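The structure displayed is predicted, hence computed values, not measured ones. Below, chain A is the first sequence line, B the second, and so on; all start at residue 1. The figures that follow rest on heavy atoms only: side chains count, while hydrogens, waters and symmetry mates do not.
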Number of protein chains: 2
Amino acid sequence: MVYQPSVVLIDDHDLVRAGVRAELGDHVRVVGEAGDVVEAVDVVVETQPDVVLLDVHLPSGTGADVIAGVVARGHDVRFLALSVSDAPDDVIAVIRAGARGYVTKAIPGAELVDAVRRVAEGDAVFSPRLAGFVIDAFSAAIPEPADPELDLLSPREQEVMRLLARGYAYKEIARRLTISIKTVETHASSVLRKLQLSSRHELSSWAARRRIV
Amino acid sequence: MVYQPSVVLIDDHDLVRAGVRAELGDHVRVVGEAGDVVEAVDVVVETQPDVVLLDVHLPSGTGADVIAGVVARGHDVRFLALSVSDAPDDVIAVIRAGARGYVTKAIPGAELVDAVRRVAEGDAVFSPRLAGFVIDAFSAAIPEPADPELDLLSPREQEVMRLLARGYAYKEIARRLTISIKTVETHASSVLRKLQLSSRHELSSWAARRRIV
DNA sequence: CTGCACATCAGGGGTGACCCTGAGCCAACC
DNA sequence: GGTTGGCTCAGGGTCACCCCTGATGTGCAG
(Lines give C-alpha, C1' and ligand atoms only; values in the text may rest on other atoms or scores of the structure.)
Protein backbone atom coordinates (compact mmCIF):
# COMPACT_ATOMS: atom_id res chain seq x y z
CA MET A 1 0.00 0.00 0.00
CA VAL A 2 2.97 2.25 -0.58
CA TYR A 3 1.42 3.57 -3.78
CA GLN A 4 -2.13 4.83 -4.11
CA PRO A 5 -3.25 5.54 -7.64
CA SER A 6 -5.67 8.44 -7.97
CA VAL A 7 -9.01 7.45 -9.44
CA VAL A 8 -12.12 9.16 -10.75
CA LEU A 9 -15.40 7.23 -10.71
CA ILE A 10 -17.90 7.74 -13.51
CA ASP A 11 -21.29 6.11 -12.98
CA ASP A 12 -24.81 7.44 -12.98
CA HIS A 13 -25.85 5.47 -9.91
CA ASP A 14 -24.77 6.89 -6.57
CA LEU A 15 -25.16 3.48 -4.99
CA VAL A 16 -22.80 1.91 -7.51
CA ARG A 17 -20.23 4.60 -6.91
CA ALA A 18 -20.53 4.10 -3.15
CA GLY A 19 -20.09 0.37 -3.62
CA VAL A 20 -17.02 0.81 -5.77
CA ARG A 21 -15.56 3.29 -3.26
CA ALA A 22 -16.08 0.76 -0.51
CA GLU A 23 -14.50 -2.04 -2.52
CA LEU A 24 -11.51 0.09 -3.43
CA GLY A 25 -11.07 0.96 0.25
CA ASP A 26 -7.89 2.84 0.95
CA HIS A 27 -5.94 1.14 -1.83
CA VAL A 28 -6.61 4.04 -4.14
CA ARG A 29 -7.40 7.74 -3.73
CA VAL A 30 -10.78 8.62 -5.18
CA VAL A 31 -10.23 12.18 -6.33
CA GLY A 32 -13.46 12.76 -8.18
CA GLU A 33 -16.83 11.40 -9.24
CA ALA A 34 -19.41 12.15 -11.89
CA GLY A 35 -22.71 10.81 -13.15
CA ASP A 36 -23.09 12.13 -16.67
CA VAL A 37 -20.93 12.75 -19.69
CA VAL A 38 -20.35 16.51 -19.48
CA GLU A 39 -19.71 16.47 -15.76
CA ALA A 40 -17.40 13.48 -16.20
CA VAL A 41 -15.22 15.18 -18.80
CA ASP A 42 -14.88 18.24 -16.57
CA VAL A 43 -13.95 16.25 -13.49
CA VAL A 44 -11.40 14.13 -15.33
CA VAL A 45 -9.77 17.14 -16.97
CA GLU A 46 -9.61 19.01 -13.66
CA THR A 47 -8.31 16.19 -11.49
CA GLN A 48 -6.03 14.42 -13.99
CA PRO A 49 -6.30 11.08 -12.21
CA ASP A 50 -4.10 8.07 -12.84
CA VAL A 51 -7.13 6.01 -13.81
CA VAL A 52 -10.76 6.69 -14.65
CA LEU A 53 -13.21 3.94 -13.74
CA LEU A 54 -15.83 4.42 -16.38
CA ASP A 55 -19.34 3.06 -16.73
CA VAL A 56 -20.17 2.22 -20.33
CA HIS A 57 -23.82 3.31 -20.21
CA LEU A 58 -24.62 6.79 -18.96
CA PRO A 59 -27.93 8.64 -19.09
CA SER A 60 -26.54 11.34 -21.39
CA GLY A 61 -24.36 9.16 -23.58
CA THR A 62 -21.74 6.43 -23.43
CA GLY A 63 -18.37 5.86 -21.87
CA ALA A 64 -16.84 6.30 -25.29
CA ASP A 65 -18.28 9.82 -25.36
CA VAL A 66 -16.50 10.63 -22.12
CA ILE A 67 -13.18 9.40 -23.49
CA ALA A 68 -13.71 11.32 -26.70
CA GLY A 69 -14.48 14.44 -24.70
CA VAL A 70 -11.36 14.18 -22.59
CA VAL A 71 -9.19 13.49 -25.63
CA ALA A 72 -10.78 16.45 -27.42
CA ARG A 73 -9.68 18.63 -24.52
CA GLY A 74 -6.14 17.49 -25.19
CA HIS A 75 -5.62 15.24 -22.21
CA ASP A 76 -4.27 11.74 -22.05
CA VAL A 77 -5.76 9.71 -19.22
CA ARG A 78 -6.03 5.98 -18.70
CA PHE A 79 -9.56 4.62 -18.68
CA LEU A 80 -10.76 1.32 -17.32
CA ALA A 81 -14.26 0.47 -18.45
CA LEU A 82 -16.47 -0.99 -15.75
CA SER A 83 -19.82 -2.27 -16.86
CA VAL A 84 -22.55 -4.80 -16.24
CA SER A 85 -22.52 -5.54 -19.96
CA ASP A 86 -20.22 -8.01 -21.62
CA ALA A 87 -21.69 -7.40 -25.05
CA PRO A 88 -19.03 -7.27 -27.74
CA ASP A 89 -20.44 -4.06 -29.17
CA ASP A 90 -20.00 -2.24 -25.88
CA VAL A 91 -16.50 -3.56 -25.44
CA ILE A 92 -15.49 -2.59 -28.93
CA ALA A 93 -16.89 0.91 -28.72
CA VAL A 94 -15.14 1.85 -25.52
CA ILE A 95 -11.84 0.15 -26.41
CA ARG A 96 -11.85 1.84 -29.80
CA ALA A 97 -12.40 5.12 -28.02
CA GLY A 98 -9.21 4.49 -26.09
CA ALA A 99 -9.96 2.57 -22.89
CA ARG A 100 -7.05 0.50 -21.63
CA GLY A 101 -9.19 -2.28 -20.26
CA TYR A 102 -12.65 -3.57 -19.58
CA VAL A 103 -13.97 -5.42 -16.55
CA THR A 104 -17.48 -6.36 -15.59
CA LYS A 105 -19.12 -5.36 -12.32
CA ALA A 106 -19.06 -9.00 -11.26
CA ILE A 107 -15.39 -8.55 -10.45
CA PRO A 108 -14.38 -9.12 -6.81
CA GLY A 109 -13.13 -6.08 -4.95
CA ALA A 110 -9.56 -7.24 -4.57
CA GLU A 111 -9.30 -7.88 -8.28
CA LEU A 112 -10.74 -4.51 -9.09
CA VAL A 113 -7.96 -2.94 -7.02
CA ASP A 114 -5.43 -5.02 -8.96
CA ALA A 115 -7.01 -4.04 -12.24
CA VAL A 116 -6.90 -0.35 -11.40
CA ARG A 117 -3.28 -0.58 -10.34
CA ARG A 118 -2.34 -2.46 -13.49
CA VAL A 119 -4.08 0.06 -15.72
CA ALA A 120 -2.38 2.87 -13.81
CA GLU A 121 0.91 1.24 -14.75
CA GLY A 122 -0.07 0.95 -18.38
CA ASP A 123 -1.30 -2.62 -18.56
CA ALA A 124 -4.31 -3.74 -20.51
CA VAL A 125 -6.78 -5.61 -18.33
CA PHE A 126 -9.77 -7.64 -19.40
CA SER A 127 -12.32 -9.71 -17.57
CA PRO A 128 -12.13 -13.46 -18.03
CA ARG A 129 -15.28 -13.57 -20.12
CA LEU A 130 -13.78 -11.04 -22.49
CA ALA A 131 -10.23 -12.30 -22.54
CA GLY A 132 -10.89 -14.93 -25.18
CA PHE A 133 -12.72 -12.42 -27.30
CA VAL A 134 -9.87 -9.94 -27.10
CA ILE A 135 -7.32 -12.60 -27.95
CA ASP A 136 -9.30 -13.77 -30.93
CA ALA A 137 -9.50 -10.26 -32.25
CA PHE A 138 -5.82 -9.79 -31.59
CA SER A 139 -4.95 -12.94 -33.47
CA ALA A 140 -7.07 -11.84 -36.39
CA ALA A 141 -5.20 -8.59 -36.77
CA ILE A 142 -2.20 -8.95 -38.98
CA PRO A 143 0.77 -6.64 -39.25
CA GLU A 144 2.10 -6.13 -42.74
CA PRO A 145 5.02 -4.01 -43.94
CA ALA A 146 5.33 -2.05 -47.17
CA ASP A 147 5.06 -3.43 -50.70
CA PRO A 148 7.90 -2.80 -53.13
CA GLU A 149 6.36 -5.19 -55.66
CA LEU A 150 3.61 -2.68 -56.34
CA ASP A 151 6.11 -0.49 -58.17
CA LEU A 152 6.42 -3.19 -60.79
CA LEU A 153 2.95 -2.29 -62.03
CA SER A 154 2.17 0.69 -64.21
CA PRO A 155 -0.54 3.06 -62.91
CA ARG A 156 -3.17 1.59 -65.18
CA GLU A 157 -2.20 -1.92 -64.18
CA GLN A 158 -2.58 -1.02 -60.53
CA GLU A 159 -6.10 0.22 -61.19
CA VAL A 160 -7.00 -3.00 -62.92
CA MET A 161 -5.27 -5.00 -60.18
CA ARG A 162 -7.40 -3.42 -57.46
CA LEU A 163 -10.62 -4.13 -59.30
CA LEU A 164 -9.49 -7.66 -60.09
CA ALA A 165 -8.67 -8.28 -56.45
CA ARG A 166 -12.17 -7.21 -55.48
CA GLY A 167 -13.61 -9.85 -57.74
CA TYR A 168 -15.00 -7.68 -60.53
CA ALA A 169 -15.49 -9.43 -63.87
CA TYR A 170 -13.51 -8.25 -66.85
CA LYS A 171 -16.71 -6.88 -68.38
CA GLU A 172 -17.41 -4.82 -65.27
CA ILE A 173 -13.85 -3.52 -65.06
CA ALA A 174 -14.04 -2.52 -68.72
CA ARG A 175 -17.26 -0.61 -68.04
CA ARG A 176 -15.82 1.21 -65.03
CA LEU A 177 -12.61 2.23 -66.77
CA THR A 178 -14.40 2.82 -70.08
CA ILE A 179 -12.00 0.65 -72.00
CA SER A 180 -12.54 -2.55 -73.94
CA ILE A 181 -12.63 -6.00 -72.41
CA LYS A 182 -9.60 -6.96 -74.44
CA THR A 183 -7.57 -4.17 -72.90
CA VAL A 184 -8.59 -5.34 -69.46
CA GLU A 185 -7.42 -8.82 -70.36
CA THR A 186 -4.06 -7.42 -71.45
CA HIS A 187 -3.58 -5.52 -68.21
CA ALA A 188 -4.73 -8.49 -66.17
CA SER A 189 -2.23 -10.75 -67.86
CA SER A 190 0.54 -8.25 -67.20
CA VAL A 191 -0.43 -7.97 -63.56
CA LEU A 192 -0.44 -11.71 -63.01
CA ARG A 193 2.84 -12.14 -64.87
CA LYS A 194 4.62 -9.31 -63.04
CA LEU A 195 3.44 -10.48 -59.63
CA GLN A 196 4.16 -14.11 -60.51
CA LEU A 197 0.62 -15.18 -59.71
CA SER A 198 -1.42 -17.61 -61.71
CA SER A 199 -5.03 -16.66 -61.09
CA ARG A 200 -7.23 -13.88 -59.82
CA HIS A 201 -7.90 -15.94 -56.72
CA GLU A 202 -4.25 -15.84 -55.76
CA LEU A 203 -4.33 -12.15 -56.55
CA SER A 204 -7.25 -11.70 -54.18
CA SER A 205 -5.46 -13.27 -51.24
CA TRP A 206 -2.23 -11.53 -52.23
CA ALA A 207 -4.00 -8.18 -52.08
CA ALA A 208 -5.88 -9.09 -48.93
CA ARG A 209 -2.67 -9.97 -47.09
CA ARG A 210 -1.25 -6.62 -48.15
CA ARG A 211 -4.39 -4.76 -47.13
CA ILE A 212 -4.64 -3.30 -50.63
CA VAL A 213 -8.35 -4.01 -50.76
CA MET B 1 -2.39 -16.14 0.09
CA VAL B 2 -5.34 -18.41 0.52
CA TYR B 3 -5.00 -19.64 -3.05
CA GLN B 4 -1.77 -20.80 -4.60
CA PRO B 5 -1.96 -21.41 -8.33
CA SER B 6 0.23 -24.26 -9.57
CA VAL B 7 2.83 -23.15 -12.06
CA VAL B 8 5.32 -24.75 -14.43
CA LEU B 9 8.39 -22.76 -15.47
CA ILE B 10 9.77 -23.12 -18.98
CA ASP B 11 13.11 -21.42 -19.60
CA ASP B 12 16.44 -22.67 -20.86
CA HIS B 13 18.48 -20.73 -18.30
CA ASP B 14 18.67 -22.25 -14.84
CA LEU B 15 19.53 -18.89 -13.37
CA VAL B 16 16.41 -17.31 -14.84
CA ARG B 17 14.23 -20.08 -13.49
CA ALA B 18 15.82 -19.68 -10.08
CA GLY B 19 15.20 -15.96 -10.22
CA VAL B 20 11.56 -16.42 -11.17
CA ARG B 21 11.10 -18.97 -8.43
CA ALA B 22 12.53 -16.52 -5.93
CA GLU B 23 10.31 -13.71 -7.18
CA LEU B 24 7.22 -15.85 -7.06
CA GLY B 25 8.10 -16.84 -3.51
CA ASP B 26 5.38 -18.82 -1.80
CA HIS B 27 2.55 -17.09 -3.69
CA VAL B 28 2.40 -19.95 -6.15
CA ARG B 29 3.32 -23.60 -6.18
CA VAL B 30 6.00 -24.39 -8.72
CA VAL B 31 5.14 -27.95 -9.74
CA GLY B 32 7.54 -28.40 -12.62
CA GLU B 33 10.30 -26.91 -14.74
CA ALA B 34 11.81 -27.54 -18.14
CA GLY B 35 14.47 -26.08 -20.42
CA ASP B 36 13.59 -27.31 -23.88
CA VAL B 37 10.51 -27.90 -26.00
CA VAL B 38 10.11 -31.67 -25.71
CA GLU B 39 10.79 -31.73 -22.01
CA ALA B 40 8.42 -28.81 -21.52
CA VAL B 41 5.50 -30.50 -23.25
CA ASP B 42 6.01 -33.62 -21.15
CA VAL B 43 6.18 -31.72 -17.88
CA VAL B 44 3.11 -29.63 -18.64
CA VAL B 45 1.07 -32.63 -19.70
CA GLU B 46 2.10 -34.58 -16.61
CA THR B 47 1.60 -31.86 -14.02
CA GLN B 48 -1.46 -30.08 -15.51
CA PRO B 49 -0.63 -26.76 -13.85
CA ASP B 50 -2.96 -23.79 -13.56
CA VAL B 51 -0.48 -21.64 -15.47
CA VAL B 52 2.65 -22.21 -17.53
CA LEU B 53 5.22 -19.43 -17.43
CA LEU B 54 6.76 -19.78 -20.85
CA ASP B 55 9.92 -18.34 -22.34
CA VAL B 56 9.43 -17.39 -25.97
CA HIS B 57 12.88 -18.37 -27.17
CA LEU B 58 14.16 -21.86 -26.38
CA PRO B 59 17.24 -23.62 -27.73
CA SER B 60 15.20 -26.30 -29.47
CA GLY B 61 12.31 -24.16 -30.69
CA THR B 62 9.88 -21.49 -29.57
CA GLY B 63 7.24 -21.03 -26.91
CA ALA B 64 4.61 -21.42 -29.60
CA ASP B 65 6.00 -24.90 -30.28
CA VAL B 66 5.46 -25.83 -26.66
CA ILE B 67 1.86 -24.64 -26.74
CA ALA B 68 1.25 -26.48 -30.01
CA GLY B 69 2.73 -29.63 -28.51
CA VAL B 70 0.53 -29.48 -25.43
CA VAL B 71 -2.56 -28.79 -27.51
CA ALA B 72 -1.66 -31.66 -29.82
CA ARG B 73 -1.62 -33.94 -26.80
CA GLY B 74 -5.19 -32.89 -26.16
CA HIS B 75 -4.70 -30.71 -23.10
CA ASP B 76 -5.95 -27.24 -22.34
CA VAL B 77 -3.60 -25.25 -20.16
CA ARG B 78 -3.21 -21.51 -19.67
CA PHE B 79 0.08 -20.07 -20.83
CA LEU B 80 1.65 -16.77 -19.86
CA ALA B 81 4.53 -15.83 -22.12
CA LEU B 82 7.52 -14.37 -20.28
CA SER B 83 10.26 -12.99 -22.46
CA VAL B 84 13.01 -10.43 -22.74
CA SER B 85 11.67 -9.62 -26.19
CA ASP B 86 8.91 -7.15 -26.88
CA ALA B 87 9.10 -7.64 -30.64
CA PRO B 88 5.64 -7.74 -32.25
CA ASP B 89 6.49 -10.90 -34.16
CA ASP B 90 7.26 -12.78 -30.99
CA VAL B 91 4.09 -11.55 -29.33
CA ILE B 92 1.95 -12.47 -32.29
CA ALA B 93 3.39 -15.94 -32.67
CA VAL B 94 2.89 -16.97 -29.09
CA ILE B 95 -0.54 -15.36 -28.72
CA ARG B 96 -1.69 -16.98 -31.94
CA ALA B 97 -0.50 -20.27 -30.56
CA GLY B 98 -2.82 -19.76 -27.63
CA ALA B 99 -1.03 -17.89 -24.84
CA ARG B 100 -3.34 -15.90 -22.57
CA GLY B 101 -0.89 -13.12 -21.95
CA TYR B 102 2.59 -11.78 -22.47
CA VAL B 103 4.85 -9.99 -20.03
CA THR B 104 8.48 -9.01 -20.31
CA LYS B 105 11.16 -10.04 -17.85
CA ALA B 106 11.44 -6.45 -16.71
CA ILE B 107 8.26 -7.00 -14.70
CA PRO B 108 8.59 -6.54 -10.91
CA GLY B 109 8.10 -9.67 -8.84
CA ALA B 110 4.87 -8.59 -7.23
CA GLU B 111 3.32 -7.85 -10.58
CA LEU B 112 4.42 -11.18 -11.95
CA VAL B 113 2.55 -12.83 -9.10
CA ASP B 114 -0.50 -10.76 -9.96
CA ALA B 115 -0.18 -11.63 -13.63
CA VAL B 116 0.06 -15.34 -12.91
CA ARG B 117 -2.97 -15.20 -10.67
CA ARG B 118 -4.97 -13.26 -13.24
CA VAL B 119 -4.09 -15.68 -16.00
CA ALA B 120 -5.01 -18.58 -13.73
CA GLU B 121 -8.42 -16.97 -13.40
CA GLY B 122 -8.80 -16.58 -17.13
CA ASP B 123 -7.72 -12.99 -17.61
CA ALA B 124 -5.58 -11.75 -20.45
CA VAL B 125 -2.52 -9.90 -19.19
CA PHE B 126 -0.09 -7.79 -21.17
CA SER B 127 2.94 -5.75 -20.23
CA PRO B 128 2.64 -1.97 -20.43
CA ARG B 129 4.88 -1.74 -23.48
CA LEU B 130 2.66 -4.21 -25.30
CA ALA B 131 -0.69 -2.98 -24.09
CA GLY B 132 -0.92 -0.28 -26.72
CA PHE B 133 0.02 -2.70 -29.41
CA VAL B 134 -2.60 -5.19 -28.31
CA ILE B 135 -5.26 -2.53 -28.18
CA ASP B 136 -4.39 -1.26 -31.62
CA ALA B 137 -4.69 -4.74 -33.03
CA PHE B 138 -7.94 -5.20 -31.19
CA SER B 139 -9.37 -2.00 -32.57
CA ALA B 140 -8.41 -3.00 -36.08
CA ALA B 141 -10.21 -6.30 -35.78
CA ILE B 142 -13.80 -6.42 -36.86
CA PRO B 143 -16.58 -7.98 -34.81
CA GLU B 144 -18.83 -10.52 -36.39
CA PRO B 145 -21.71 -12.42 -34.79
CA ALA B 146 -22.82 -15.99 -35.42
CA ASP B 147 -23.96 -17.46 -38.73
CA PRO B 148 -27.30 -19.23 -38.82
CA GLU B 149 -27.10 -19.47 -42.60
CA LEU B 150 -24.39 -22.07 -42.26
CA ASP B 151 -26.98 -24.55 -41.03
CA LEU B 152 -28.56 -24.42 -44.46
CA LEU B 153 -25.61 -26.35 -45.82
CA SER B 154 -25.15 -30.07 -45.40
CA PRO B 155 -21.82 -31.21 -43.89
CA ARG B 156 -20.37 -32.09 -47.25
CA GLU B 157 -21.51 -28.80 -48.71
CA GLN B 158 -19.78 -26.94 -45.91
CA GLU B 159 -16.53 -28.73 -46.70
CA VAL B 160 -16.78 -27.80 -50.34
CA MET B 161 -17.79 -24.27 -49.39
CA ARG B 162 -14.65 -23.76 -47.31
CA LEU B 163 -12.38 -24.97 -50.08
CA LEU B 164 -14.24 -22.89 -52.63
CA ALA B 165 -13.87 -19.81 -50.46
CA ARG B 166 -10.14 -20.37 -50.29
CA GLY B 167 -9.94 -20.27 -54.05
CA TYR B 168 -9.30 -23.93 -54.79
CA ALA B 169 -10.25 -25.04 -58.29
CA TYR B 170 -12.91 -27.69 -58.70
CA LYS B 171 -10.25 -30.12 -59.83
CA GLU B 172 -8.20 -29.51 -56.71
CA ILE B 173 -11.23 -29.83 -54.43
CA ALA B 174 -12.12 -33.11 -56.11
CA ARG B 175 -8.60 -34.40 -55.51
CA ARG B 176 -8.60 -33.38 -51.85
CA LEU B 177 -11.99 -34.89 -51.11
CA THR B 178 -11.36 -37.86 -53.43
CA ILE B 179 -14.62 -37.36 -55.28
CA SER B 180 -15.29 -36.53 -58.91
CA ILE B 181 -15.26 -33.05 -60.36
CA LYS B 182 -18.91 -33.41 -61.24
CA THR B 183 -19.79 -34.02 -57.61
CA VAL B 184 -17.87 -30.93 -56.63
CA GLU B 185 -19.83 -28.96 -59.20
CA THR B 186 -23.08 -30.25 -57.76
CA HIS B 187 -22.14 -29.26 -54.22
CA ALA B 188 -20.84 -25.91 -55.38
CA SER B 189 -24.10 -25.15 -57.15
CA SER B 190 -26.07 -26.09 -54.04
CA VAL B 191 -23.89 -23.87 -51.87
CA LEU B 192 -24.30 -20.85 -54.12
CA ARG B 193 -28.04 -21.42 -54.46
CA LYS B 194 -28.62 -21.88 -50.72
CA LEU B 195 -26.54 -18.86 -49.79
CA GLN B 196 -28.10 -16.83 -52.60
CA LEU B 197 -24.73 -15.98 -54.10
CA SER B 198 -23.90 -15.95 -57.77
CA SER B 199 -20.19 -16.68 -57.96
CA ARG B 200 -17.30 -18.05 -56.01
CA HIS B 201 -15.94 -14.52 -55.67
CA GLU B 202 -18.99 -13.44 -53.75
CA LEU B 203 -18.60 -16.59 -51.73
CA SER B 204 -15.01 -15.64 -50.94
CA SER B 205 -15.92 -12.25 -49.54
CA TRP B 206 -18.98 -13.72 -47.83
CA ALA B 207 -16.77 -16.22 -46.05
CA ALA B 208 -14.09 -13.65 -45.31
CA ARG B 209 -16.56 -11.32 -43.63
CA ARG B 210 -17.77 -14.22 -41.50
CA ARG B 211 -14.24 -15.29 -40.60
CA ILE B 212 -14.95 -18.75 -41.97
CA VAL B 213 -11.65 -18.80 -43.80
C1' DC C 1 -42.82 -49.43 -47.07
C1' DT C 2 -42.33 -44.97 -48.78
C1' DG C 3 -40.80 -40.74 -49.13
C1' DC C 4 -36.98 -37.57 -48.20
C1' DA C 5 -32.40 -35.71 -47.67
C1' DC C 6 -27.80 -36.53 -48.78
C1' DA C 7 -23.87 -37.86 -51.46
C1' DT C 8 -22.27 -39.47 -55.61
C1' DC C 9 -21.64 -39.16 -60.74
C1' DA C 10 -22.65 -38.03 -66.01
C1' DG C 11 -23.71 -35.26 -70.30
C1' DG C 12 -24.10 -30.93 -72.44
C1' DG C 13 -24.04 -26.08 -72.97
C1' DG C 14 -23.17 -21.03 -72.13
C1' DT C 15 -20.05 -17.78 -70.27
C1' DG C 16 -15.86 -16.11 -68.05
C1' DA C 17 -10.91 -16.28 -67.23
C1' DC C 18 -6.41 -16.49 -69.01
C1' DC C 19 -2.79 -16.82 -72.66
C1' DC C 20 -0.55 -15.86 -77.10
C1' DT C 21 0.34 -13.24 -81.17
C1' DG C 22 -0.04 -9.08 -83.43
C1' DA C 23 -0.95 -4.22 -84.03
C1' DG C 24 -1.69 1.02 -83.78
C1' DC C 25 -0.99 5.34 -81.10
C1' DC C 26 1.59 8.46 -78.28
C1' DA C 27 5.08 10.42 -75.19
C1' DA C 28 9.69 10.29 -73.48
C1' DC C 29 14.43 9.50 -74.08
C1' DC C 30 19.01 8.78 -76.45
C1' DG D 1 14.99 9.87 -86.05
C1' DG D 2 14.84 5.65 -83.87
C1' DT D 3 13.87 3.16 -79.73
C1' DT D 4 11.44 2.18 -75.70
C1' DG D 5 7.48 1.70 -72.78
C1' DG D 6 2.69 2.40 -71.65
C1' DC D 7 -2.18 2.17 -73.22
C1' DT D 8 -5.27 0.68 -76.38
C1' DC D 9 -7.57 -3.11 -79.09
C1' DA D 10 -8.44 -7.75 -81.93
C1' DG D 11 -8.56 -12.82 -83.08
C1' DG D 12 -8.36 -17.33 -81.56
C1' DG D 13 -7.66 -20.86 -78.41
C1' DT D 14 -7.85 -23.70 -73.79
C1' DC D 15 -9.68 -24.46 -69.59
C1' DA D 16 -12.50 -23.28 -65.47
C1' DC D 17 -16.86 -21.99 -63.77
C1' DC D 18 -21.76 -22.48 -63.36
C1' DC D 19 -26.24 -24.28 -64.61
C1' DC D 20 -29.62 -27.77 -66.07
C1' DT D 21 -31.41 -32.42 -66.35
C1' DG D 22 -31.11 -36.96 -64.91
C1' DA D 23 -29.45 -40.97 -62.47
C1' DT D 24 -27.92 -44.34 -58.57
C1' DG D 25 -27.29 -45.77 -53.79
C1' DT D 26 -27.72 -45.04 -48.73
C1' DG D 27 -29.86 -44.06 -44.44
C1' DC D 28 -33.49 -42.18 -41.77
C1' DA D 29 -38.21 -40.81 -40.32
C1' DG D 30 -43.13 -41.12 -40.97
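The pair R73(B)-D42(B) meets the salt-bridge criterion, with a side-chain N (NZ, NE, NH1 or NH2) lying under 4.0 Å from an Asp/Glu carboxylate O.
Checking dT8(D), dC17(D), dC9(C) against every side-chain atom of A169(B), the shortest atom distance belongs to dC17(D). Residue S180(B) has its side chain nearest to dA10(C) when only dA10(C), dA10(D), dG16(C) are considered. Across dC18(C), dT8(C), dG12(D), the shortest atom-to-atom separation from the side chain of S199(A) is found for dC18(C). Taking every side-chain heavy atom of T186(A) into account, dT8(D) is the closest of dT8(D), dC7(D), dC19(C). Counting only heavy atoms from C-beta on, K182(B) has its side chain closest to dA10(C) among dC7(D), dA10(C), dG12(D). Closest contact between the side chain of R200(A) and the listed nucleotides dA7(C), dC7(D), dA17(C) involves dA17(C). Side-chain atoms of S189(B) lie closest to dC19(D) of the nucleotides dT8(D), dT8(C), dC19(D). Here the nucleotide nearest the side chain of S154(B), chosen from dA10(D), dC6(C), dC7(D), is dC6(C).
One finds no side-chain N or O of Y170(A) lying less than 4.0 angstrom from the OP1 or OP2 phosphate oxygen of dT15(C). The phosphate of dC6(C) (OP1 or OP2) has no side-chain N or O of H187(B) nearer than 4.0 angstrom.
Regarding E157(A), its CD atom lies at a distance of 7 Å from the P atom of dG6(D), rounded to whole Å. In this structure, I173(B) places its CD1 atom 14 Å from P of dC9(C), rounding to the nearest Å. Rounded to a whole Å, the CD atom of E159(A) is 9 Å from the P atom of dC7(D). Nucleotide dG6(D) holds its C1' atom 11 Å from the CZ atom of R156(A), rounded to whole Å. Atoms CD (E202(A)) and P (dC18(C)) sit 10 Å apart, rounded to a whole Å. The distance from atom CZ of R193(B) to atom C1' of dC17(D) is 17 Å, rounded to the nearest whole Å. Rounded to whole Å, atom P of dA5(C) lies 10 Å from atom NZ of K194(B). Between the P atom of dC17(D) and the CG atom of L203(B) lies a distance of 12 Å, rounded to the nearest Å.
In summary, of the residues considered (T62(A), V66(A), D12(A), I10(A)), a side chain to side chain contact (heavy atoms under 4.5 Å, CB included) with D55(A) occurs for D12(A) alone. A side chain to side chain contact (heavy atoms under 4.5 Å, CB included) with L9(A) is found for exactly one of V52(A), L54(A), L24(A), namely L24(A).
Residue-level contact check: T183(B) touches the bases, meaning some heavy atom is under 4.0 Å from a base atom.
Closest of all the heavy-atom pairs between V160(B) and H187(B) is CG2-CB, 3.8 Å. The nearest pair of heavy atoms linking Y102(B) to L80(B) is N-CD1, 3.6 Å. Scanning both residues, A120(B) and P5(B), for their nearest heavy atoms gives CB-CB, 4.1 Å.
Mapping A188(A) and I181(B) onto DNA chain C via the closest heavy atom, the residue that lands nearer the 5' end is I181(B).
Applying the 3.5 Å distance criterion, the base of dC19(D) shares a donor-acceptor pair with the side chain of E185(B).
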